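Predicted model, so just to flag it, every value in this text is computed and none were measured.
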Amino acid sequence: MSALLLNPGPVTLSERVRQALLQPDLCHREAEFASLQARIRDDLLGVYCLPAGIWSAVLLTGSGTAAVEALLTSLLPRTGTVLVIENGVYGERMTRIAALHGIGHVRVTHPWGGALDLARIEQALEATPGITHVAVVHHETTTGRLNDLARLGALCRAGGLRLLVDAVSSFGGELIDFAGWGVSACAATANKCLHGVPGTAFVIAERAVLDACCEPARSLYLDLGAYARAQDGGSTPFTQSVHAFYALAAALAELAQEGGWQARRRRYAELQQIVRDGLGALGVTPLHAAAESSVVLSAYALPPAIDYRLLHDHLKERGFVIYAGQGDLAARIFRVSTMGALTDGDMHRFVDAVSALFKPG
Ligand SMILES: *Cc1c(COP(=O)(O)O)cnc(C)c1O
């Protein structure tokens, strides 16, 4: 039996999504593909009830980072400057993307896992003339912190700035208040909270924002404007990950039937509570209190006597794949995700497996 994936994507698939991969071979220039693509684009907007006249979902073949890179390189005009907010690996990655492409940017850094410091962000906005966009990670998967975008959004709105969001590990599993927070565009992926397979990522943006994509494009392959135009015409600029599309369509149907993102969020919260309670009883503490954490993933402090590799291998032998901390956190934490086709029983067995190592005998 293969192990259950408790890493933050790719996730353990439901049988329905796995079976969807076995549908007929399909050419991406045929009408059947066009209707599959159109259905997925509609259903993605449907997850957060975004009206199709105002919003557009653009499908890409690549991992979540492709969508984030497409978001920043396509939507930042050459005359624009983006303020990038960093409090973990993925915020820092957005800065690297901006730097690589020569996009004007300034950073507001925080310690990994730290809460957004709105006062410093406001100061940076005032101190730097010409900022047009703010880029932020919604769920910073580095530590499990869910960044507060309501207050940040209000700040952006007051300054007339466009808010660009890396929602790769929150889309489908957490509240994203597009209108209330004033989100201009977000990037996400099929294989995290949506429970699809790796290979498909997407950007959801206001149509007006897509119409104003950077010209000439900074990238041939990641030009959102070209994808949006082609997809609105029932086409695609390049070969898409057809089978991953099949899986995403099935995953979106499953999400809708289960009660949408709200039901998924409740489900994740239940699964997370089992792990938090179970590990808490072993003296293992989460990095973030529940109120600051996503329900998608929690980071836990490694007990001093336990090496990550030992814990990982012990759990893998018992059918669970967990995730290491990144950078300086590698020696200090381990991470457990609640995404994918998981049951209460799976989480109880997981806690038992951890317990067997931490409390032998
Ligand atoms: C997973 C993730 C990404 C993208 O990672 P890929 O390996 O490219 O899929 C980007 N941002 C966040 C917050 C993530 O969790």
Side-chain angles (χ1 to χ4, degrees), residues 8 64-65 67-73 75-76 80-170 174 176 181-188 218 286-289 291-294 296-301 323-333 335:
T65 303
V68 176
E69 191 157 3
L71 176 86
L72 294 175
T73 56
L75 300 188
L76 255 295
T81 299
V82 61
L83 178 93
V84 184
I85 298 171
E86 302 175 5
N87 62 346
V89 168
Y90 297 99
E92 293 180 4
R93 184 173 295 179
M94 291 200 292
T95 296
R96 285 177 60 200
I97 291 170
L100 266 169
H101 290 276
I103 295 172
H105 64 282
V106 288
R107 316 152 60 194
V108 175
T109 63
H110 304 76
W112 284 6
L116 300 192
D117 184 340
L118 268 292
R120 274 202 300 124
I121 293 168
E122 204 168 355
Q123 272 168 21
L125 290 174
E126 280 165 10
T128 320
I131 292 177
T132 52
H133 293 69
V134 172
V136 68
V137 177
H138 183 208
H139 169 216
E140 191 34 279
T141 322
T142 310
T143 63
R145 176 177 285 282
L146 194 64
N147 284 323
D148 177 0
L149 300 195
R151 292 179 60 209
L152 181 68
L155 209 61
C156 292
R157 184 168 282 158
L161 310 174
R162 292 201 188 281
L163 180 60
L164 306 179
V165 180
D166 170 346
V168 175
S169 63
S170 57
E174 293 282 358
I176 304 176
W181 303 345
V183 176
S184 282
C186 77
R218 290 187 174 90
L287 221 62
H288 296 309
E292 302 188 319
S293 175
S294 77
V296 176
L297 171 140
S298 281
Y300 299 92
Y323 217 47
Q326 290 152 296
D328 291 347
L329 291 176
R332 290 176 32 215
I333 67 166
R335 293 179 289 170

Chemist: Please step through side chain to side chain contact (heavy atoms under 4.5 Å, CB included) for the pair I97 and H101, ending with a clear verdict.
Modeler: CA-CA 6 Å; I97 291 170; H101 290 276; 3.9 Å; yes

Chemist: Write down the atom of A167, the atom of C186, and the distance for their closest heavy-atom approach.
Modeler: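 Looking at all heavy atoms of both residues, the closest pair is CB-CB, 4.1 Å.
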
Chemist: Please examine the side chains of V82 and V134, heavy atoms only from C-beta on, and report whether any two atoms are closer than 4.5 Å.
Modeler: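 SC-SC contact between V134 and V82 ruled out.
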
Chemist: Do you see a donor-acceptor pair shorter than 3.5 Å between the side chains of H139 and S170?
Modeler: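 No pair is found: no donor N or O on one side chain lies under 3.5 Å from an acceptor on the other.
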
Chemist: Any side-chain to backbone donor/acceptor pair from N147 onto L149? Under 3.5 Å, distance only.
Modeler: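 No, N147 side chain to L149 backbone: no donor-acceptor pair under 3.5 Å.
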
Chemist: For a quick check under 3.5 Å, do T81 and T132 share a side-chain donor-acceptor pair by atom type?
Modeler: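 Looking only at side-chain atoms, T132 and T81 do not form any donor-acceptor pair under 3.5 Å.
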
Chemist: Which value, rounded to the nearest 0.5 Å, describes the distance between L155 atom CG and W181 atom CH2?
Modeler: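 Here the interatomic distance stands at 15.0 Å.
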
Chemist: Would you check if there is a donor-acceptor pair between the side chains of W112 and Q326 at a distance under 3.5 Å?
Modeler: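 Distance-only check fails for Q326 and W112.
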
Chemist: Checking side-chain polar atoms at under 3.5 Å, does R335 have a donor or acceptor matched by the opposite partner on S298?
Modeler: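 Short answer, no.
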
Chemist: Looking at every non-hydrogen atom in both residues, tell me the closest pair between A124 and V108 and how far apart they are.
Modeler: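 The pair with the smallest heavy-atom distance is CB-CG2, 3.6 Å.
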
Chemist: Take atom CZ in R96; do more than 12 heavy atoms of anything else shown fall under 6.0 Å from it?
Modeler: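 12 or below, so no.
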
Chemist: With distance as the sole test, does R162 use its side chain to make a donor-acceptor pair with the main-chain N or O of A135 at under 3.5 Å?
Modeler: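 No; judged by distance alone, with no hydrogens or angles, the pair does not exist.
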
Chemist: A side-chain contact here means heavy atoms from C-beta on lying under 4.5 Å apart; do V68 and V168 qualify?
Modeler: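 Yes, at least one pair of side-chain atoms sits under 4.5 Å.
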
Chemist: Under 3.5 Å, side chain of E86 to main-chain N/O of T95, donor-acceptor pair present?
Modeler: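 Absent.
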
Chemist: Side-chain contact, heavy-atom cut-off 4.5 Å: L146 with H138?
Modeler: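 Yes, at least one pair of side-chain atoms sits under 4.5 Å.
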
Chemist: Test your reading of the model: is there a side-chain donor-acceptor pair from H133 to the backbone of L83, 3.5 Å cut-off?
Modeler: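 Here the side-chain-to-backbone pair does not exist.
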
Chemist: Is the shortest heavy-atom distance from the side chain of R120 to the side chain of H110 under 4.5 Å?
Modeler: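 With C-beta onward as the side chain, the pair touches.
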
Chemist: Search all heavy atoms of L116 against all heavy atoms of I85 and return the closest pair with its distance.
Modeler: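 In this case the closest contact between L116 and I85 is CD2-CG2, 3.6 Å.
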
Chemist: Taking S293 for its side chain and A289 for its backbone only, find out whether a donor-acceptor pair lies under 3.5 Å.
Modeler: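 It does not hold such a pair.
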
Chemist: Mind listing the closest non-hydrogen atom pair of V137 and G91 along with its distance?
Modeler: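 That would be CG2-N, 3.4 Å.
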
Chemist: Decide yes or no on side chain to side chain contact (heavy atoms under 4.5 Å, CB included) for V106 and V84, but give the supporting numbers first.
Modeler: CA-CA 6 Å; V106 288; V84 184; over 6 Å; no

Chemist: Start with the C-alpha gap between S184 and L164, add the side-chain angles, then the distance that decides, and say whether side chain to side chain contact (heavy atoms under 4.5 Å, CB included) holds.
Modeler: CA-CA 6 Å; S184 282; L164 306 179; 4.2 Å; yes

Chemist: Do N87 side-chain atoms and G113 backbone N/O form a donor-acceptor pair below 3.5 Å?
Modeler: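 No.
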
Chemist: To the nearest 0.5 angstrom, please state how far the CZ atom of R107 sits from the NE2 atom of H105.
Modeler: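 The CZ atom of R107 sits 7.0 Å away from the NE2 atom of H105.
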
Chemist: With a 3.5 Å distance limit and no angle check, can you tell me whether R218 reaches the backbone of L76 through a side-chain donor-acceptor pair?
Modeler: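 Checking the backbone N and O of L76 against the side chain of R218, a donor-acceptor pair under 3.5 Å is found.
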
Chemist: Check R145 with E292, please: is the shortest side-chain N to carboxylate O separation under 4.0 Å?
Modeler: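 R145 and E292: salt-bridged.
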
Chemist: Closest approach of G153 and L163, non-hydrogen atoms and distance?
Modeler: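 Between these two residues, the closest heavy atoms are CA-CD2, 4.1 Å.
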
Chemist: Verify the distance criterion only: is there a donor paired with an acceptor across the side chains of T143 and H288 at less than 3.5 Å?
Modeler: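 Checked: T143/H288 side chains pair up, N/O donor to acceptor below 3.5 Å.
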
Chemist: Nearest 0.5 Å, what's the CD1-CD distance between I131 and E126?
Modeler: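 Taking CD1 in I131 and CD in E126, the distance rounds to 10.5 Å.
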
Chemist: Within the 4.5 Å heavy-atom criterion, are Y300 and I333 side-chain neighbours or not?
Modeler: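 They are not in side-chain contact.
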
